[in-house]
Amino acid sequence: MGTIVHTSRISIVREKGPTRIARIEGFPEPVYYGVHGGIKKFYKVEPEKEHAATLDHIVGAVSA
């Protein structure tokens, strides 16, 4: 087995409805997750404020 080079420490808490707040160790600002566009239509929800979905971050991460 190789050497561990990094361990992510993240806490995610549901704020309200589909909105979640992620706090990532080492970064002062939280990351907000939620729904928007077709995702909110699919789940039939209308958030108070739209945020990027976790899916958006996953797609962005693997496309780099």
Side-chain angles (χ1 to χ4, degrees):
M1 182 174 187
T3 304
I4 296 173
V5 295
H6 179 75
T7 300
S8 294
R9 291 186 173 84
I10 303 169
S11 67
I12 300 176
V13 178
R14 184 170 306 279
E15 182 179 62
K16 182 178 180 182
T19 302
R20 297 169 312 282
I21 301 172
R23 298 195 186 279
I24 304 169
E25 184 179 279
F27 292 88
E29 298 297 320
V31 176
Y32 286 84
Y33 294 111
V35 295
H36 64 92
I39 298 169
K40 69 179 187 175
K41 279 183 171 179
F42 178 81
Y43 286 110
K44 297 179 176 77
V45 295
E46 190 58 52
E48 289 181 14
K49 183 175 181 183
E50 293 185 7
H51 294 285
T54 51
L55 178 61
D56 297 313
H57 289 266
I58 292 168
V59 170
V62 298
S63 68

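Nothing fancy with the numbering, it's 1 onward along the sequence. In what follows, every heavy atom counts, from backbone to side chain, and hydrogens, waters and symmetry copies are set aside.
Annotation: side chain to side chain contact (heavy atoms under 4.5 Å, CB included) contacts of R9 (sequence neighbours excluded): T7, E25. Under the rule for a side chain to side chain contact (heavy atoms under 4.5 Å, CB included), the partners of A22 that lie at least two apart in sequence or sit in another chain are I10, I12, V31, Y33. Every residue was checked against the ring-ring contact (aromatic ring centres under 6.0 Å, His included) condition with H36, not counting sequence neighbours, and none meets it. Scored by the ring-ring contact (aromatic ring centres under 6.0 Å, His included) test, Y32 finds H51 as partners (sequence neighbours excluded).
The shortest distance between side-chain heavy atoms of R23 and I21 falls below 4.5 Å.
Sorted by first then second residue, the salt bridge (Lys or Arg N to Asp or Glu O under 4.0 Å) pairs that include residues 46-55, not counting sequence neighbours, are K16-E48, K40-E46, K40-E50. For residues 11-30, no residue pair satisfies the ring-ring contact (aromatic ring centres under 6.0 Å, His included) rule, not counting sequence neighbours.
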